[in-house]
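Data block below; observations after.
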Amino acid sequence: IIIVADDLGWGDLGSYGQKLIKTPNLDRLAAEGMRFTQAYAGSPQGNASRCALLTGMHSGHGYIRGNREVPLRAADRVIPELLRGTRRYETIALGKWNLGGKGTNGSPFKKGFNHWRGFVNQLHANNHYPNFIWCYEPGHRGVNSWNGDVQIHANNSGRRAVYSTDLLTKAALNTIRIYRPSWETGYRPFFLYLSYTAPHANNELARKTGQGNEVPTDFPYTGERWPRAEKNKAAMITRLDSAVGQIMAKLREYNIDEDTVIFFTSDNGPHQEGGNDPQFFRSAGPFKGIKNSLYEGGLRVPMLVRWTGKVKANSVSNEPFPLWDIMPTVLQIARIPSPREIDGVSIMPTLIGLPQKSRHKYLYWESHYPHSKQAARKGKWKVIRPAAGKALELYDLSVDAGEQLNVAARHPEIIRDFETFLRTARTRSLHWPITMPGQTAATNRR
């Protein structure tokens, strides 16, 4: 089970130092598994980050490198295609997809998912009270169906009746119930990609009302003397935490804890949208930057992995863990060889307490909002090119994780090494070319 939050910051969970927002279930997940302190998003923007997670390719090689509605191609292989083809996993996707809509090769059921319920684009996903969700079930056709896509009306009355976090959680619990091992059905391995929309803000609503952090109630923060936007954001995160708790309870109910690996992470750093200030809760932790930034605050994300009996409880790893490492890790757990062309390496040895022999020499990111930017890390060193044509900034993360002191002038040999790497770190992209400040951006912000 891979659970992905939307715009959840490194510092938004109690296990990462959060003092005000209550996350008891995710803190318990951390206590029962491994917490990574140096996990990285695939990109500071959601679509590109999700592409990196599912394809095992960093943002210099992945086909999707920003938030424009560009679909995956038929040639882009993702986790469920390999699980379904080799080990015959039942594959289910729930929630935010954003990697290809109706009629494209990137739609979920063309990328190896047997079942899917959720949102194909940002505009749809941003509404936490959707009037409908898209659904794909083999052999299930209904009103307004398009080649297997079925429009499911979740709010026929026109009122704010169904909250998306609750809707996705119910579907996840049903998935576990349906595909649990039983005497009748035997053992049926399943892969669940559960991509929540919380705590992303409804930006369209925020432009109208100034408040975009939608949630049914601000409990348990009703009595706090906080700004409305902050109470709502905290309530969204606590409601997400409750959802994860329900999933953990369901696995215990069916006694499949030891047979189930749970990954919990986020697609990028915290947002400054919907009226909230990420500094209020120190959502980026000790790091500089937020969503859309290549500084650590935009890239560092929580990463919790629980595998009862295999991953040592209450363990902490400082091993760098970018999201493009999830694919080879999942495949090794399922005993499936990884494709040769991917950028990721399996973190499985770290999970089970063995030496991590395969490591990245460099980590690489690029972003194209509002213009092209690049970043790379090698050991303790990290560089950022804030715009095409600009000089590299250099930071020593071992003593300056907050990236406050640019030491590029002191280390010309390290800058030369990174310059050499950056010249070959990316492949050309028609959708995301390198653009200079002032040129038309290749992505939009949403």
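Since we're looking at a predicted model, the values are computed, not measured. Any value given below was found using the heavy atoms of this structure, including those in side chains, with hydrogens, waters and symmetry copies removed.
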Is there a donor-acceptor contact under 3.5 Å from the side chain of Asn232 to the main chain of Asp218? no
Does some side-chain heavy atom of Trp134 sit less than 4.5 Å from a side-chain heavy atom of Arg117? no
So do the side chains of Ile92 and Asn114 get within less than 4.5 Å of each other, counting heavy atoms only? no
For the rings on His61 and Tyr364, is their centre-to-centre separation under 6.0 Å? no
So, Ser195 and Arg50: side-chain donor and acceptor under 3.5 Å apart, yes or no? yes
For the student: nearest non-hydrogen atoms of Asn105 and Lys111, plus distance: O-CD, 3.0 Å
Give the C-alpha distance, both sets of side-chain angles, the deciding distance and a yes or no for ring-ring contact (aromatic ring centres under 6.0 Å, His included) between Tyr395 and Trp381. CA-CA 6 Å; Tyr395 300 97; Trp381 298 107; 9.9 Å; no
Please test Lys208 against Glu204 for salt bridge (charged side-chain N to carboxylate O under 4.0 Å, His left out), starting from the C-alpha separation and ending with a verdict. CA-CA 7 Å; Lys208 296 177 182 177; Glu204 291 71 31; over 6 Å; no
Pair Asn126, Asn202: side-chain N/O donor-acceptor within cut-off below 3.5 Å: no
Is a donor from one side chain sitting under 3.5 angstrom from an acceptor on the other, for Thr350 and Ser317? no
State, with a plain yes or no, whether a side-chain heavy atom of Trp432 is found less than 4.5 Å away from one of Ile64. yes
Classify the side-chain pair Ser43/Ser59 by whether it contains a donor and acceptor separated by less than 3.5 Å. no
Decide side chain to side chain donor-acceptor pair (under 3.5 Å) for Ser293 and Lys373; before the verdict, give the C-alpha distance in whole Å, the side-chain angles of both, and the deciding distance to 0.1 Å. CA-CA 9 Å; Ser293 168; Lys373 299 170 283 188; over 6 Å; no
If you measure from the Lys or Arg side-chain nitrogens to the Asp or Glu carboxylate oxygens, is any gap between Glu319 and Arg359 under 4.0 Å? yes
Would a 4.5 Å heavy-atom cut-off, applied to side chains only, mark Asn121 and Phe119 as touching? no
Would Tyr40 and Trp365 count as a ring-ring contact (aromatic ring centres under 6.0 Å, His included) here? Give the steps. CA-CA 10 Å; Tyr40 283 98; Trp365 301 269; 5.0 Å; yes
Only one of Tyr136, Tyr89, Trp97 forms a ring pair (Phe, Tyr, Trp, His ring centres under 6.0 Å) with Phe113, so which one is it? Trp97
Tyr221 six-ring face occupied by Lys231 cation (under 6.0 Å, within 45°): no
Give a yes or no on whether the backbone of Gly298 and the side-chain of Asn268 come within a donor-acceptor separation of less than 3.5 Å. no
ring-ring contact (aromatic ring centres under 6.0 Å, His included) evaluation trace for Tyr193 with Trp116: CA-CA 9 Å; Tyr193 174 67; Trp116 176 66; over 10 Å; no
Residues which pass ring-ring contact (aromatic ring centres under 6.0 Å, His included) with His128, listed by chain and number, not counting sequence neighbours: Tyr163
When rounded to the nearest 0.5 Å, the distance separating CH2 of Trp10 from CD of Glu296 is 10.5 Å
Please assess Trp226 against Phe281 for the test ring-ring contact (aromatic ring centres under 6.0 Å, His included), listing each intermediate value before the final yes or no. CA-CA 11 Å; Trp226 301 345; Phe281 294 117; 5.2 Å; yes
For the aromatic rings, using the six-membered ring if either is Trp, is the centroid distance between Tyr179 and His115 under 6.0 Å? yes
